[in-house]
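Data first, discussion second: the structure below is written as structure tokens.
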Amino acid sequence: MSPQQIGLPWPELNDGLTYKDVVSSSDSELTTVSDFYYTKYKGSAPLLGWIQRIQNGQIQVDGEVEKDPNTLLRSGSKLVYHRLPWKEPDTPHLLDILYQDHDLIALNKPSGLQVLPGGLFQQRTVLTQLQWCFGESHPVPVHRLGRGTSGILLCAKTKLAKTKLSAYFAEGTSLVGSGNMGQECGTVRKISKIYRTLASGIVEEDEVVIKQPIGVARYPGVAKGLYVASSEGKPSFSKVIVLERDRQRDCTLVKVEIQSGRPHQIRIHLAFIGHPLVGDPLYVAGGQPKSVDPDLVDATTTPFAQDGGYRRPNQAVPGDCGYHLHAHEVEIPNLLDTHKVVKVVAPLPPILQTSYLAEEEEEKGLSSFKLS
């Protein structure tokens, strides 16, 4: 590990999790331990799964292990659920430092590494590496990057930086929400973010502006719903510029500048115009997920995993990787002198470099690659 790189190897198992609750007066009316957990954490496990956890001694009531799922709870009781340690999926652990000053650190996040804890990834995250490598006063991420997305991740080192950076990101999204999108991306918001990605099919227009709203729809395996293209969603704005067209492979290398910051925005917007990201396991043309009928998935009959929780769904979920999306450039005001600009550039993966596709075709003796 070099001075410009952070990251410690992951242990085989994580530390498990602890959930604490206090029974309210409304919860305590003839409520059993199993009913309490199934009602409050229905997305975590089916009723039989919670019964298994209780009988396994993973629940404490007022400091004592409770193994009877039918025990009635009383108002004010303190409950603790201990989720057993588990092996999280294989994940990169090294992050390159692209830039840092007194207030800010910019990391080059690899694809496959989740930013914040969630789902199966409670330990193997960027946040955990920041905690391990910087200690108690560690930097904190101030924006999202999907697990499968690589590139620049900005992290605040001070409370002032966190406040300012969060405000900058929110400002761009609020401008889109107010309908103030008449100006070009980057001239309105204080932060300019440019991505590169490989889109399926040939994008014939040299430049495309996408203003499709993004909302949430029911989707099995995603408790809070899946972000999709939706006329009832929140305003969103992306500008797509074509860099290269590969007619032999039927794909287009593009750069995308976003003004809003909706979850999975670039994946959804490019899919919406008929050009899903190459390798995207989830979104298809129209900005919708691959065909799944949520009404056919009954959580009460789905087999549960060894720890009592639901098994990972068979269909793709937002955190699945396979696509090529890279946060390539970011420009932000210097937090100490707003008249100055900090520009951070993350090296491009070979497949997203403008010469890569052409060179590979030449090596194979093909001449079908076209720049247009």
**Request:** Could you check Arg83 against Tyr19 for side-chain contact (heavy atoms from CB on, under 4.5 Å), going step by step and ending with a plain yes or no?
**Result:** CA-CA 8 Å; Arg83 184 176 176 183; Tyr19 299 84; 4.2 Å; yes

**Complete:** Nearest heavy-atom approach of Pro85 to Asn14 is CB-O, 3.1 Å

**Prompt:** Does any non-hydrogen side-chain atom of Pro333 lie less than 4.5 Å from one of Lys340?
**Reply:** no

**Request:** May I ask you to say whether Glu329 pairs ionically with Lys193, meaning some side-chain N is under 4.0 Å from a carboxylate O?
**Result:** no

**Message:** I'd like to know if Asp280 pairs up with Arg267 as an ion pair, taking the criterion as any Lys NZ or Arg NE/NH1/NH2 lying under 4.0 Å from an Asp or Glu carboxylate oxygen.
**Reply:** yes

**Message:** Please find the pair of heavy atoms, one from Pro289 and one from Val228, that lie closest to each other, and give the distance.
**Reply:** CD-CG1, 3.7 Å

**Message:** I need the minimum non-hydrogen distance between Ala285 and Pro276, along with the two atoms involved.
**Reply:** N-CG, 3.6 Å

**Asked** Rounded to the nearest 0.5 Å, how far does CD1 of Ile214 lie from CD of Glu232?
**Response** 14.5 Å

**Request:** Measure the shortest side-chain to side-chain distance between Ile268 and Tyr283 over non-hydrogen atoms and say whether it is less than 4.5 angstrom.
**Result:** yes

**Prompt:** Are side-chain heavy atoms of Val254 and Thr197 found at a separation under 4.5 Å?
**Reply:** yes

**Message:** Please check this pair: side chain of Gln4 against backbone of Leu98, looking for a donor-acceptor N/O pair closer than 3.5 Å.
**Reply:** no

**Request:** Output yes when a side-chain donor or acceptor of Asp101 lies under 3.5 Å from a complementary backbone atom of Asp103, and no otherwise.
**Result:** yes

**Request:** Supply the atom-to-atom distance Ile202 CD1 to Arg249 CZ, rounded to the nearest 0.5 angstrom.
**Result:** 12.0 Å

**Item:** Check ion pair Glu204-Arg247 (N to O, under 4.0 angstrom)
**Value:** yes

**Asked** Yes or no on side-chain contact (heavy atoms from CB on, under 4.5 Å) for His264 and Leu226, after CA distance, side-chain angles and deciding distance?
**Response** CA-CA 10 Å; His264 315 300; Leu226 178 70; 5.6 Å; no

**Fill in**
Applied to residues 6-22, the salt bridge (charged side-chain N to carboxylate O under 4.0 Å, His left out) test, sequence neighbours excluded, yields Asp21-Lys40

**Item:** Atom of Ser231, atom of Pro213 and distance for their closest heavy-atom approach
**Value:** O-CG, 4.3 Å

**Request:** Spell out, as yes or no, whether a donor-acceptor pair under 3.5 Å connects the side chain of Gln265 to the backbone of Phe237.
**Result:** yes

**Request:** Say whether Tyr227 and Arg262, considering side chains only, have a donor N or O and an acceptor N or O under 3.5 Å apart.
**Result:** no

**Request:** State plainly whether the residues Asp250 and Arg245 are in salt-bridge range, i.e. N to O under 4.0 Å.
**Result:** no

**Request:** Evaluate the side-chain contact (heavy atoms from CB on, under 4.5 Å) criterion for residues Leu243 and Arg196: first the C-alpha distance (whole Å), next the side-chain angles of each, then the deciding distance (0.1 Å), finally the verdict.
**Result:** CA-CA 9 Å; Leu243 299 175; Arg196 277 208 193 182; 3.5 Å; yes

**Message:** Strictly distance-based, threshold 3.5 Å: is any side-chain N or O of Ser77 a donor or acceptor partner for the main-chain N or O of Arg74?
**Reply:** yes

**Item:** Close side-chain approach of Val345 to Ile152, heavy-atom, < 4.5 Å
**Value:** no

**Request:** Quick one: do His269 and Ser238 satisfy side-chain hydrogen bond (donor to acceptor under 3.5 Å, both in side chains)? Show the steps, please.
**Result:** CA-CA 7 Å; His269 270 182; Ser238 303; 2.7 Å; yes

**Prompt:** Do Asp246 and Gln248 meet the criterion of a side-chain donor-acceptor pair at a distance under 3.5 Å?
**Reply:** no

**Fill in**
Result for side chain to side chain contact (heavy atoms under 4.5 Å, CB included) between Thr71 and one of Val33, Thr32, Ile59 points to Val33

**Request:** Over 60° means perpendicular and under 30° means parallel, so classify the ring planes of Phe169 and His143, tilted if in between.
**Result:** parallel

**Prompt:** Do side-chain atoms of Arg144 reach the backbone of Gly261 as a donor and acceptor pair under 3.5 angstrom?
**Reply:** yes

**Check: Pro349 and His324 side chains under 4.5 Å, non-hydrogen atoms** = no

**Message:** Check the orientation of Trp50 and Tyr41. Use parallel for under 30°, tilted for 30 to 60°, and perpendicular for over 60°.
**Reply:** tilted

**Fill in**
Heavy-atom nearest pair, Trp86 first then Gly16, reads CZ3-CA, 4.2 Å

**Prompt:** Are Leu8 and Leu127 in one and the same hydrophobic cluster, where Ile, Leu, Val, Met, Phe, Trp and Tyr link if side-chain heavy atoms are under 4.5 Å apart?
**Reply:** yes

**Prompt:** Taking atom types as modelled, is there a side-chain donor on Ser150 or His326 under 3.5 Å from an acceptor on the other?
**Reply:** yes

**Request:** Look at the side chain of Thr39 and the backbone N and O of Asp35, then say whether any donor-acceptor pair between them is shorter than 3.5 Å.
**Result:** yes

**Prompt:** Strictly by modelled atom types, are Ser34 and Arg53 linked by a side-chain donor-acceptor pair under 3.5 Å?
**Reply:** no

Please list every donor-acceptor pair under 3.5 Å in which a side-chain atom of residues 104-122 meets a protein atom from a residue at least two apart or in another chain.
{"residue": "Lys109", "atom": "NZ", "partner": "Leu113", "partner atom": "O", "Å": "2.8"}
{"residue": "Lys109", "atom": "NZ", "partner": "Gly146", "partner atom": "O", "Å": "3.3"}
{"residue": "Lys109", "atom": "NZ", "partner": "Arg147", "partner atom": "O", "Å": "3.1"}
{"residue": "Lys109", "atom": "NZ", "partner": "Thr149", "partner atom": "O", "Å": "2.7"}
{"residue": "Ser111", "atom": "OG", "partner": "Gly148", "partner atom": "O", "Å": "2.9"}
{"residue": "Gln114", "atom": "NE2", "partner": "Leu116", "partner atom": "O", "Å": "2.9"}
{"residue": "Gln114", "atom": "NE2", "partner": "Gly118", "partner atom": "O", "Å": "3.1"}
{"residue": "Gln122", "atom": "NE2", "partner": "Gly119", "partner atom": "O", "Å": "3.1"}

**Side-chain (Glu205) to main-chain (Glu207) donor-acceptor, under 3.5 angstrom** = no

**Item:** Cluster check Phe272, Leu325: I/L/V/M/F/W/Y, side chain < 4.5 angstrom
**Value:** yes

**Request:** Measure the shortest side-chain to side-chain distance between Val344 and Val342 over non-hydrogen atoms and say whether it is less than 4.5 angstrom.
**Result:** yes

**Message:** Please check if the number of heavy atoms outside Lys78 that lie under 6.0 Å from its NZ is greater than 12.
**Reply:** no

**Asked** Between Tyr38 and Val80, is there a shared hydrophobic cluster once you connect ILVMFWY residues whose side-chain heavy atoms come closer than 4.5 Å?
**Response** no

**Message:** Restricting to non-hydrogen atoms, name the atom on Gly7 and the atom on Cys133 that form the minimum distance, rounded to 0.1 Å.
**Reply:** N-SG, 3.7 Å

**Prompt:** Within a strict 4.5 Å, meaning less than it, do heavy atoms of the Tyr219 and Leu282 side chains meet?
**Reply:** yes

**Message:** Hydrophobic clustering (ILVMFWY, side-chain heavy atoms < 4.5 Å, transitive) - are Val203 and Ile266 grouped together?
**Reply:** yes

**Prompt:** Within the distance-only criterion (no hydrogens, no angle test), does the side chain of Gln353 pair as donor or acceptor with the backbone N or O of Leu348 below 3.5 angstrom?
**Reply:** yes

**Item:** From CD1 (Ile194) to OG (Ser192), nearest 0.5 Å
**Value:** 4.5 Å

**Prompt:** Between Glu331 and Ile191, is a side-chain contact (heavy atoms from CB on, under 4.5 Å) present by the stated rule, with each step listed?
**Reply:** CA-CA 6 Å; Glu331 286 189 10; Ile191 292 183; over 6 Å; no

**Request:** Run through Val142, Val330, Val126 and flag the one making a side chain to side chain contact (heavy atoms under 4.5 Å, CB included) with Leu153.
**Result:** Val126

**Message:** Is any side-chain heavy atom of Val208 closer than 4.5 Å to one of Ile273?
**Reply:** yes

**Item:** Hphob cluster co-occupancy, Ile54 + Val23, side-chain heavy atoms under 4.5 angstrom
**Value:** yes

**Message:** I'd like to know if the side chain of His275 and the backbone of Leu270 have a donor-acceptor N/O pair within less than 3.5 Å.
**Reply:** no

**Request:** Could you list the residues that satisfy side chain to side chain donor-acceptor pair (under 3.5 Å) with Tyr37, not counting sequence neighbours?
**Result:** none

**Asked** Ignoring hydrogens and geometry, is there a side-chain-to-backbone donor-acceptor pair from Ser137 to Gly135 under 3.5 Å?
**Response** no

